[in-house]
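Below is one structure; the comments refer to it alone.
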Amino acid sequence: MSSTDIHEKALNDKSFNEKSQGADVQSSDVLESGDAHALPHHHLQRHLKNRHIAMISIGGVIGTGLFLGTANSLAAGGPVGLLLGYVVTGTICYCVMVSLGEMIAYLPLPGGHIRLAERFVDPAFSFTMGWNYWYNWVIILPAELSAASVLINYWISSTRVNDAAWIAICLVVVVGINSLGAGAYGEAEFIFASIKVLTITGLIILGIVLDLGGGPNHDRIGFRYWKNPGPFTQYNGIPGVTGRFVSWWAVMTQAAFSFIGTEIVAIAAGEAKNPRRNLPKAIRRVYIRILLFYISGVIIIGWLVPSTDPSLNLTANNAAKSPFVIAINHAGIKGLPSVINAALLTSAWSAASSDLYTSSRALYGLAMVGNAPKIFTLTSKKGVPYASLGLCTAFSFLAFMGVTSGSGKVFDWFANMTSVAGLMTWFGISVTYIRFYAGFKKQGLDRSKLPYASALQPYAAWYAAIMCFTVCFFSGFSVFLKDSWNTATFVTNYLPLILFPILYIGAKLWRRDPIVRADDMDFFTGLDEVEAASYDEPPPKNWVEAFWGWLM
């Protein structure tokens, strides 16, 4: 039984037909109800090709969290603490993605997991997920803009040219790309992500060469920094095993910031061509990217840069540099640090562009299901949700806080807020999948016939849900250590965690909708459009097309 057969089975089912008559005009289907059309309106359009989806999924994995944020993680956790933090967070990320992939490959709806939460949990949970996700991406946008100015400070100190100039230039580029539509965004992301992949691949190869003594100074480093200053730091001077454990845990929140964004493919699903083919393919390769780019990358960083290097301190604006650039400087290679820093700058632009794209689509999705004002459903003839784009752009001006506080410090603040909000999004995706799994089983549908299905379920989703909540709950532990209270750290870590239940309880009291029963879950509305947009790819004509098809 294929997914088409599942659909036909449902259409012939009496209970489904009865439910369709009354329930199809719920808020999850406002798109068809006519409310959204009270304003001049055009739908999102499927302009994203398979290579765009492939590179968007890669771009979501590689960003300033790896290139820049690892500086704080290495200083806090040491090389082994850094590695373990990224390994554990990588397992969480993978479990979230296989959960999301199964749902979104079957139902690639505009709004992604926000729409799915309403179908499989309840409207209040969708409301909470949507606003949390929007908050996540409008906050990460100024973080990436701040990161861009930090990278430019490598060449030009903020004492010479104010960071506001670089933030403004980056913002103009990002808004310009997004104003041209999903197709232009996809092309830009394809180029930017290609640069990222080439950069991180080159840095990993270069790192191995430098570690083995192949640099100009011929210094064979090996595992020197694992021995001195040591594999772990003694966090905040805490002695013994406790200090080393805490140093590892301190990496977890920042590592989450690095991985947050892999779920962008779900938001892009509503604008993806041939979603039944392209989305599962992107999801299946997530683990390769985690291992190849992140785990390999942090191993290289731990080999080449001691955790005590003063340049790792991002709050000191003039010393803020990527660990990769620090390593190349230590090796005595002239000129290359500037080339690498320029590549990392394009990474910040790419990440900021993705942030604006995702936040605007999240707000559009919220408006389409009645959880945001209908004005945010306004779209141009090219499918650009310009009202949503305008509001999200306004929040990017928070990056100018770095003018007085220092862009490195502002980057840390927003990174903390984004990490916790992102983890709560992952928590929500996992809970949605648990309900999806229960409903699919209850209604007697065959998961093995889905476009994508993981053998790890439902255990992967339960693991991800528990770990996401645990990491969030203990994310701001450092402020409770002796003489370590920091109001900014407490607020940025715990505000998103506190907002999640407040939003859910408030929406529950306001909407008074019950949790969707497994028997009543709607697995079929919208499948007609999805199946109409899906098709078999033509066979490759030569080995070049075959290789390109395998790669993308």
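Each residue takes its place number in the sequence, starting with 1.
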Query raised in the report: Distance from Leu497 atom CG to Tyr494 atom OH, nearest 0.5 Å?
Result: 7.5 Å

Requested in this report: Considering non-hydrogen atoms only, spot the tightest contact between Val98 and Ala460 and give its length.
Outcome: CG2-CB, 4.3 Å

Report task. Pick out which of Ile177, Val138, Val174 makes a side chain to side chain contact (heavy atoms under 4.5 Å, CB included) with Leu356. Result -> Val174

Query raised in the report: Got a sec, which residues hit salt bridge (Lys or Arg N to Asp or Glu O under 4.0 Å) with Arg220, two or more places apart in sequence or on another chain?
Result: none

Query raised in the report: Is it true that atom CZ of Phe473 has more than 12 heavy atoms of other residues, nucleotides or ligands lying nearer than 6.0 Å?
Result: no

Query raised in the report: Does the side-chain contact (heavy atoms from CB on, under 4.5 Å) test come out yes or no for Tyr86 and Thr91, once each step is laid out?
Result: CA-CA 9 Å; Tyr86 272 76; Thr91 63; over 6 Å; no

Query - Close side-chain approach of Phe259 to Val96, heavy-atom, < 4.5 Å - result: no

Query raised in the report: If you look at every heavy atom in Tyr452 and Gly101, which pair is closest and at what distance?
Result: CD2-C, 3.7 Å

Requested in this report: Taking the side chain as every heavy atom from C-beta outward, state whether Pro216 and Ile333 have any pair of such atoms under 4.5 Å apart.
Outcome: yes

Query - Counterpart residues, side chain to side chain contact (heavy atoms under 4.5 Å, CB included), relative to Ser388 (two or more places apart) - result: Ser360, Leu363, Tyr364, Phe376, Pro385

**Report entry** Leu84/Val251 under side-chain contact (heavy atoms from CB on, under 4.5 Å): CA gap, chis, key distance, verdict
**Finding:** CA-CA 9 Å; Leu84 290 178; Val251 175; over 6 Å; no

Query raised in the report: Looking at Asn136 and Gly422, what are the two nearest heavy atoms and their distance?
Result: ND2-CA, 3.7 Å

Query - Approximate separation, where rounding is to 0.5 Å, of Phe500 CZ and Met424 CE - result: 4.5 Å

Report summary line: Residues Pro79 and Trp226: closest non-hydrogen pair is CB-NE1, 3.5 Å

Query raised in the report: Which atom names give the shortest non-hydrogen contact between Ser99 and Gln457, and what distance separates them?
Result: OG-NE2, 2.9 Å

Query raised in the report: Are the aromatic rings of Trp426 and Phe469 close, with centres under 6.0 Å apart?
Result: no

Quick one: side chains of residues 241-248, donor-acceptor pairs under 3.5 Å with protein atoms, not counting sequence neighbours, listed by atom name and distance.
unit_1, atom_1, unit_2, atom_2, d
Arg244, NH1, Gln234, OE1, 3.2
Ser247, OG, Thr233, O, 3.3
Ser247, OG, Arg244, O, 2.6

Requested in this report: Starting from the C-alpha separation in whole Å, work towards a yes-or-no answer on side-chain contact (heavy atoms from CB on, under 4.5 Å) for Trp134 and Phe395.
Outcome: CA-CA 11 Å; Trp134 175 79; Phe395 277 84; 3.6 Å; yes

Query raised in the report: Roughly how far, to the nearest 0.5 Å, is SG of Cys392 from OH of Tyr357?
Result: 12.5 Å

Requested in this report: Before giving the answer on side-chain contact (heavy atoms from CB on, under 4.5 Å), spell out for Leu171 and Val173 the whole-Å C-alpha distance, their side-chain angles and the decisive distance to 0.1 Å.
Outcome: CA-CA 5 Å; Leu171 183 57; Val173 172; over 6 Å; no

Query raised in the report: Nearest 0.5 Å, what's the OG1-CD1 distance between Thr70 and Ile301?
Result: 3.5 Å

Query raised in the report: At their closest point, which heavy atom of Tyr433 faces which heavy atom of Ala461, and how far apart are they?
Result: CD2-CB, 3.6 Å

Query raised in the report: side chain to side chain contact (heavy atoms under 4.5 Å, CB included) with Pro306: which residues, sequence neighbours excluded?
Result: Tyr225, Pro229, Thr308, Asp309, His330

**Report entry** Contacts of Trp137 that satisfy side-chain hydrogen bond (donor to acceptor under 3.5 Å, both in side chains) - sequence neighbours left out
**Finding:** Tyr133

Result block: side-chain N/O donor-acceptor pairs under 3.5 angstrom for residues 197-214, not counting sequence neighbours:
unit_1, atom_1, unit_2, atom_2, d
Thr199, OG1, Ile195, O, 2.6
Thr201, OG1, Val197, O, 2.7
Asp211, OD1, Gly222, N, 3.2

Query raised in the report: Side chains of Ile191 and Lys196: closer than 4.5 Å at any heavy-atom pair?
Result: no

Report summary line: Per side chain to side chain contact (heavy atoms under 4.5 Å, CB included), Cys468 is matched among Leu423, Ile429, Val420 by Leu423

Query raised in the report: Would you find more than 12 non-hydrogen atoms of other residues, nucleotides or ligands less than 6.0 Å from Tyr463 atom OH?
Result: yes

Query raised in the report: Would a distance-only check, ignoring hydrogens and angles, find a side-chain to backbone donor-acceptor pair under 3.5 Å from Asn217 to Asp219?
Result: yes

Query raised in the report: Are any non-hydrogen side-chain atoms of His113 and Leu100 less than 4.5 angstrom apart?
Result: yes

**Report entry** Rounded distance [0.5 Å steps], OG in Ser430 versus CE in Met467
**Finding:** 11.5 Å

Query raised in the report: Atom CG of Asn132 and atom CZ of Phe427: how far apart are they, to the nearest 0.5 Å?
Result: 11.0 Å

